[in-house]
Amino acid sequence: MTVLNVDQVADRLGISRWKVYDLIRSRELPSFKVGRCRRISESALHDYISLRTEQEAA
């Protein structure tokens, strides 16, 4: 499993790192902590993108 940091997720989504933290706080994007650092699994990111794509298509 590949894990990403907040900056990597922000780059992939084309959003700010603060928006990524908003998604994490609202539980739209699952994450976990390693020490003091927040990490997001690549599969969680793919799930988030798929969900948003389905919502936009509906």
Side-chain angles (χ1 to χ4, degrees):
M1 171 180 15
T2 304
V3 294
L4 306 167
N5 65 33
V6 171
D7 290 327
Q8 291 170 319
V9 172
D11 286 342
R12 289 187 183 199
L13 293 177
I15 60 177
S16 71
R17 62 192 313 248
W18 302 113
K19 181 60 180 171
V20 175
Y21 283 117
D22 285 343
L23 293 172
I24 291 168
R25 274 192 293 279
S26 67
R27 299 180 188 238
E28 292 180 66
L29 184 60
S31 69
F32 58 95
K33 287 180 98 174
V34 177
R36 293 177 56 194
C37 301
R38 196 51 73 177
R39 297 288 185 247
I40 300 98
S41 70
E42 197 163 25
S43 62
L45 180 58
H46 286 291
D47 291 345
Y48 171 76
I49 292 169
S50 295
L51 179 65
R52 292 295 301 192
T53 302
E54 289 173 12
Q55 288 174 344
E56 292 293 321

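- Taking all atoms of both residues into account, the shortest heavy-atom contact from Pro30 to Ile40 is O-CG2, 3.7 Å.
- Side-chain atoms of Leu13 and Tyr48, non-hydrogen and from C-beta on, do get closer than 4.5 Å to each other.
- Rounded to the nearest 0.5 angstrom, Phe32 CZ and Cys37 SG are separated by 11.0 Å.
- Remark: Arg27 CZ is loosely packed, at most 12 non-hydrogen atoms of other residues, nucleotides or ligands lying under 6.0 Å away.
- Under the 4.5 Å side-chain heavy-atom criterion for grouping Ile, Leu, Val, Met, Phe, Trp and Tyr, Leu29 is connected to Ile15 within one hydrophobic cluster.
- Between Arg38 and Asn5 there is no side-chain heavy-atom pair separated by less than 4.5 Å.
- Val20 and Ile49 fall within a single hydrophobic cluster, where Ile, Leu, Val, Met, Phe, Trp and Tyr side chains are chained together by heavy-atom contacts under 4.5 Å.
- The line from OG1 of Thr2 to CG of Leu45 is 11.0 Å long, rounded to the nearest 0.5 Å.
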Mind running side-chain contact (heavy atoms from CB on, under 4.5 Å) on Glu42 and Gln8 for me, showing each step along the way? CA-CA 10 Å; Glu42 197 163 25; Gln8 291 170 319; over 6 Å; no
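- Remark: of the listed residues Asp11, Val9, Val6, Val6 is the sole one forming a side-chain contact (heavy atoms from CB on, under 4.5 Å) with Arg17.
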Original post:
Can you list the steps and then say if Val34 with Val3 is a side-chain contact (heavy atoms from CB on, under 4.5 Å)?
Top reply: CA-CA 11 Å; Val34 177; Val3 294; over 6 Å; no
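- Rounding to the nearest 0.5 Å gives a distance of 10.0 Å between CG of Leu51 and CD of Glu56.
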